[in-house]
Protein chains: 2
Amino acid sequence: MNTLSYGLLAFLAREPGSGYDVMLKIQPFWQAKHSQIYPLLAQMEENELLTSYWIKQSEKPDKKIYSITDSGIRKLKEWMYMPLPDPITRDELSMKTFCMWMTDRDNAIEIVETRKAYFTRRLESFNSMLQKIPEEKRTFGNREFYDYILVQKGIFNATAGQDWCNWVLGMLKEQQATESQVQPAQ
Amino acid sequence: MNTLSYGLLAFLAREPGSGYDVMLKIQPFWQAKHSQIYPLLAQMEENELLTSYWIKQSEKPDKKIYSITDSGIRKLKEWMYMPLPDPITRDELSMKTFCMWMTDRDNAIEIVETRKAYFTRRLESFNSMLQKIPEEKRTFGNREFYDYILVQKGIFNATAGQDWCNWVLGMLKEQQATESQVQPAQ
DNA sequence: CAATGCATGTAATGCGTTACATGATTCC
DNA sequence: GGAATCATGTAACGCATTACATGCATTG
């Protein structure tokens, strides 16, 4: 049982769904491909944390619907008391920022603009998730309270990322306007 | 050549150093163990992107110092024009937040406090890096400008993370105060 | 008529962590 | 006396991505 397995279990603890369903739901918070998810679900079914049945569909492929078992719920609750590992971030932008002095300013700007566009896309997606949570359910005591704070986690991070991009772009472009004498490495 | 390899090259493009040295420098921005780094450096040396020599030390183990070659510099510059992949974040806290409704409030608070402490540690480390960059070198045209914005990237993110923790803790503890009658101010 | 979405799965490969292996010095 | 730091490396294993495999419906 790795973190992704617990994550899948967590989504299925809310409502039953197919592998495809949970894949789409988990994507914004944990990047994982279907080829990793399907075997983990099958394995959890073998360990009796999940049960499944098939829904036959016409005009669409059949669906395998998973539901969490009592044993699965117990496992999840236990997991909530296990130590929280530090988050892992692998961002090529950090590595590229460190050697931006080797490239030209236009390229540096383009790199940061690319990342800014990414954060814009993400903020749009998080904001549309927010809209689906009614305001009266965004308080402690509702199950949706935790959906709300999770989406806000994404918004806080993406906003900070976007702020950083704008801050950097401001400095890079300001320089462009004043036509510096510094020659880029080539 | 994966991203980590390019990252190691990037650090060695600034100044020569041992595997151990680059490991320590890269850690705050890309988590990687020595067991992954040493083989990559050896591989890059075989591909003539790096050269190395041994320094014999008394009272400490000998050091293998790597330096970047012209071919290595060319490779890095090419890399700067390759498309920037989206960042990857794997944070168990996101998964646990999603099923906090299954556990007790005290446990939820402890989880978020743990993460807050992590961000505090990180901010301390980034701030001490900042202090090592003289203010007059924090402008475009200096090589240190990019060190500066990279450290700021970490600071922006850690600050956002800490803000989120405080925001969540405020809501969780507010609830605690109104539910039980007597709560000591802390 | 090519691409995308729906829907499930396996196989091969690459990336990352843990454990194994060694050994001196310094700090608590 | 035990842990941490310095310093390098290999081996085994687990996690993640890409590619292989199928097939129908819709959209541009």
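Side chains are part of it too, since the values below use all heavy atoms of this structure and drop only hydrogens, waters and symmetry mates. Letters A, B, ... mirror the listed sequences (proteins, then strands); counts begin at 1.
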Residues from [range] lying under 4.0 Å of DNA chain C - heavy atoms:
{"range": "residues 32-42 of chain A", "result": "His34(A), Ser35(A), Tyr38(A)"}
{"range": "residues 19-30 of chain A", "result": "Gly19(A), Tyr20(A)"}
{"range": "residues 10-17 of chain B", "result": "none"}

Practice prompt. Return the orientation label for the Trp79(B) and Tyr6(B) ring planes: parallel under 30°, perpendicular over 60°, tilted otherwise.
Written response: parallel
Item to complete: Please state whether the rings of Phe98(A) and Phe11(B) are parallel, tilted or perpendicular, taking 30° and 60° as the class boundaries.
Response: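 Rings of Phe98(A) and Phe11(B): parallel, as their planes differ by under 30°.
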Discussion item. Can you identify which nucleotide, out of dT17(D), dA7(D), dG9(D), has its nearest atom closest to the Trp54(B) side chain?
Written reply: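 Closest of the options to the side chain of Trp54(B): dG9(D).
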Discussion item. Looking at Lys137(A) and Asp147(A), is any side-chain nitrogen of the basic one under 4.0 Å from a carboxylate oxygen of the acidic one?
Written reply: no
Item to complete: Please report how far the helix from dC1(C)-dG28(D) to dC28(C)-dG1(D) bends, comparing the axis fitted to its first five pairs with the axis fitted to its last five, to the nearest 10 degrees.
Response: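 So the angle between the two local helix axes works out to 50°.
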Worksheet item: Can you tell me if the side-chain N/O atoms of Arg90(A) get under 4.0 Å from OP1 or OP2 in dC15(C)?
Response: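 It does not, given that no N or O in the side chain of Arg90(A) lies less than 4.0 Å from OP1 or OP2 of dC15(C).
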Fill in: Residue-phosphate contact under 4.0 Å: Lys64(A) side-chain N/O, dG9(C) OP1/OP2
yes
Practice prompt. Determine, step by step, whether Lys64(B) and Ser18(B) satisfy the side chain to side chain contact (heavy atoms under 4.5 Å, CB included) criterion, reporting the C-alpha distance in whole Å, the side-chain angles of both residues, the deciding distance to 0.1 Å, and the verdict.
Written response: CA-CA 5 Å; Lys64(B) 192 177 183 180; Ser18(B) 67; 5.7 Å; no
Discussion item. Please confirm whether the ring centroid of Tyr66(B) lies under 6.0 Å from the ring centroid of Trp54(B).
Written reply: no
Discussion item. My understanding is that only residues two or more places apart in sequence, or in another chain, count here; which of them pass salt bridge (Lys or Arg N to Asp or Glu O under 4.0 Å) with Asp163(B)?
Written reply: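 None.
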When the distance from [atom1] of [X] to [atom2] of [N] is rounded to whole Å, what number comes out?
{"X": "Asn2(B)", "N": "dT17(C)", "atom1": "CG", "atom2": "P", "value": "12 Å"}
{"X": "Lys63(B)", "N": "dT5(D)", "atom1": "NZ", "atom2": "C1'", "value": "12 Å"}
{"X": "Gln57(A)", "N": "dA25(D)", "atom1": "CD", "atom2": "C1'", "value": "12 Å"}

Worksheet entry | Residue pairs passing the side chain to side chain donor-acceptor pair (under 3.5 Å) test where at least one lies in residues 125-136 of chain B, sequence neighbours excluded | none
Worksheet entry | Glu92(B) side-chain N/O to Pro87(A) backbone N/O, donor-acceptor pair under 3.5 Å |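 No, because the side chain of Glu92(B) does not come within donor-acceptor range (under 3.5 Å) of the backbone of Pro87(A).
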Worksheet entry | Neighbour count above 12 (heavy atom, 6.0 Å) for Glu110(B) CD |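 Counting other residues, nucleotides and ligands, CD of Glu110(B) stays at 12 neighbours or fewer.
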Discussion item. Does atom CG (Asp70(B)) have a neighbourhood of more than 12 heavy atoms from anything else shown, all under 6.0 Å?
Written reply: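 Open.
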